[in-house]
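Single-structure report; data block below.
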There are 2 protein chains.
Amino acid sequence: MEINQIIDNIYPLPTKSKDLIKQSIIETKLPKGHILFKANKVETSIYFIKKGIARAYAYSDENEITFWFGKEGAPIVSMKSYVNNEKGYEDVELLEDCELYELKIEQLQKLFLEDIEIANWGRKFAELELIKSEERLIALQFNTATQRYLALLKNYPSIIQRVQLSHVASYLGITQVSLSRIRANIK
Amino acid sequence: MEINQIIDNIYPLPTKSKDLIKQSIIETKLPKGHILFKANKVETSIYFIKKGIARAYAYSDENEITFWFGKEGAPIVSMKSYVNNEKGYEDVELLEDCELYELKIEQLQKLFLEDIEIANWGRKFAELELIKSEERLIALQFNTATQRYLALLKNYPSIIQRVQLSHVASYLGITQVSLSRIRANIK
DNA sequence: TTTCGTTTTTATCATTTGTTAAATAGTTTC
DNA sequence: GAAACTATTTAACAAATGATAAAAACGAAA
């Protein structure tokens, strides 16, 4: 997905403000398997996915648990770094060869203080991520594993086609064995 | 908690900008049991809790599930209404007699477009809520019910003292019977 | 195609949580 | 304080999920 569309999908900006953001963006290609973010590190950039797919995961004891997937158009952000300049808890791994737009957090924050349009763009960006996070939270709290799997299948069919089921299972909050059983019961 | 402190805890504002927000705020007292937000309704205000405690809940089949608690200093927001002008899915009930600061969403949004300091305050507001939501999400996905209960006990002991256990149970994503068992096993 | 390594499914048993109902404890009202 | 109501705990059984191991299916590479 093109950067103009990604920016405007969040909050339509006048050309002048959009150019300010675009001047700070660098395009990069990175291979499948690349670890974009490392846990316990303050990340200095955010990214937008032009092409490809990625996941965020963290460790609980020995187990790695995936809690986010992103595809074309999605932002990749270590929220703790972005919001509070603190170490994040997540690794982010590219699951396919990816083309990314990189944006330095420091430069973006400077723009927030200089341009009211961009400040409102940043507000909307956080608000939209918040809505998504709330919806995930409620799905996790309200629905059974089977319902969550069916919802994922319906809303993000591409995830299940493009990603290992072990990652999907931990994303759903269950073991891979449990996901296999659910899939067997549905057919 | 006083409104100046609530505002500045989110993002410190110069007096002039803070006054603009405060001019739009009305103080209200409402009794225990009052339903502040109704599900399937577009809410037109957000609130901050000066004194008291509240919960947000929604229905899954017949069951009412609590997914948020707020006490002194916390914002009360129907995010779908606030962000997208859409119907929310939650009721909000006051669990004690409350003193609230009310702020019309429409007036705040006007300020976002006029004052860059307030726009950045609104950005920070969403960002901080986002961090909280992510932390809840991860706790729900990573931890067992027992761990989540212990964490609540540690981080928000006042909730468990001030709120019915049936609400706490649904907040933890388990039944009340299950919570009773967990409590019995811990002692 | 065959082989090797990885992913997914199946099987078995243990543990956790849900469901329903009854018992106990706690609160409010008269 | 007794009665009525509400909240919490306990009990018994059912259902869902976890853990471990083995089998089957799938993919990549020779």
Side-chain angles (χ1 to χ4, degrees), chain A residues 31-33 53 55 57-67 69 93-97 138-153 157-187, chain B residues 31-35 53 55 57-67 69 93-97 138-153 157-187:
Chain A
K32 173 175 174 169
I53 197 165
R55 73 176 178 114
Y57 59 95
Y59 286 89
S60 171
D61 304 313
E62 297 298 284
N63 306 316
E64 133 191 327
I65 298 180
T66 298
F67 62 92
F69 291 112
E93 177 195 5
L94 306 183
L95 298 173
E96 301 177 350
D97 290 346
I138 286 179
L140 208 55
Q141 196 168 348
F142 280 56
N143 301 329
T144 63
T146 304
Q147 291 172 318
R148 298 200 299 273
Y149 174 69
L150 290 173
L152 186 67
L153 210 57
S158 60
I159 294 292
I160 285 157
Q161 287 157 16
R162 293 163 79 179
V163 157
Q164 274 182 220
L165 287 177
S166 61
H167 298 155
V168 173
S170 74
Y171 177 84
L172 293 172
I174 54 180
T175 61
Q176 176 166 2
V177 173
S178 203
L179 176 58
S180 260
R181 267 191 296 234
I182 286 168
R183 285 160 60 88
N185 284 334
I186 283 168
K187 282 166 201 160
Chain B
K32 173 174 174 170
H34 179 81
I35 303 297
I53 198 164
R55 73 177 178 114
Y57 60 94
Y59 285 89
S60 169
D61 305 314
E62 298 298 285
N63 306 317
E64 139 192 319
I65 298 180
T66 298
F67 63 91
F69 291 111
E93 177 194 6
L94 306 184
L95 298 172
E96 301 177 350
D97 291 346
I138 286 179
L140 208 54
Q141 197 169 346
F142 281 56
N143 301 330
T144 63
T146 304
Q147 291 171 319
R148 297 200 300 274
Y149 174 70
L150 290 173
L152 186 66
L153 211 57
S158 59
I159 294 292
I160 285 156
Q161 286 157 15
R162 291 165 79 179
V163 156
Q164 276 183 217
L165 287 178
S166 60
H167 298 154
V168 173
S170 74
Y171 178 85
L172 293 171
I174 55 179
T175 60
Q176 177 167 1
V177 173
S178 205
L179 177 57
S180 260
R181 269 191 295 233
I182 287 169
R183 286 160 59 89
N185 283 333
I186 283 168
K187 283 166 202 161

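Chain letters run A, B, ... following the sequence lines, proteins first, then strands; residues in each count from 1. Basis for what follows: all heavy atoms, side chains included, without hydrogens, waters or symmetry-related copies.
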Length of the line joining [X]:[atom1] and [N]:[atom2], which is rounded to integer Å:
X	N	atom1	atom2	value
A:Asn185	D:dA15	CG	C1'	12 Å
B:Asn143	C:dT17	CG	P	12 Å
B:Leu179	D:dT10	CG	C1'	14 Å
B:Tyr149	D:dT8	OH	P	11 Å
A:Gln176	C:dT7	CD	C1'	7 Å
A:Arg183	C:dA11	CZ	P	16 Å
A:Lys32	D:dG27	NZ	C1'	11 Å
A:Leu165	D:dA25	CG	C1'	13 Å

Taking all heavy atoms of B:Ile159 and all of B:Ile53, pick out the closest pair and write down the distance.
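Looking at all heavy atoms of both residues, the shortest contact is CD1-CD1, 4.0 Å.
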What heavy-atom pair brings B:Phe142 and B:Gln147 nearest, and what distance separates the two atoms?
O-OE1, 4.3 Å
Closest nucleotide among [options] to the [X] side chain:
X	options	result
B:Gln164	D:dT8, D:dT17, C:dT9	D:dT8
A:Ile174	C:dT10, C:dT9, D:dG18	D:dG18
A:Val177	C:dT20, D:dT20, D:dT8	D:dT20
A:Ile182	D:dT9, D:dT17, D:dT10	D:dT17

Taking any heavy-atom pair under 4.0 Å as a contact, classify A:Ser166: base, sugar-phosphate, or nothing.
sugar-phosphate
Has [X] got a side-chain N or O lying under 4.0 Å from the OP1 or OP2 atom of [N]?
X	N	value
A:Ser180	C:dT10	no
B:Arg181	D:dT9	no
B:Thr175	C:dG18	yes

Do [X] and [Y] have side-chain heavy atoms sitting under 4.5 Å apart?
X	Y	value
A:Val163	A:Arg55	no
A:His167	A:Tyr57	no
B:Glu93	B:Ile35	yes

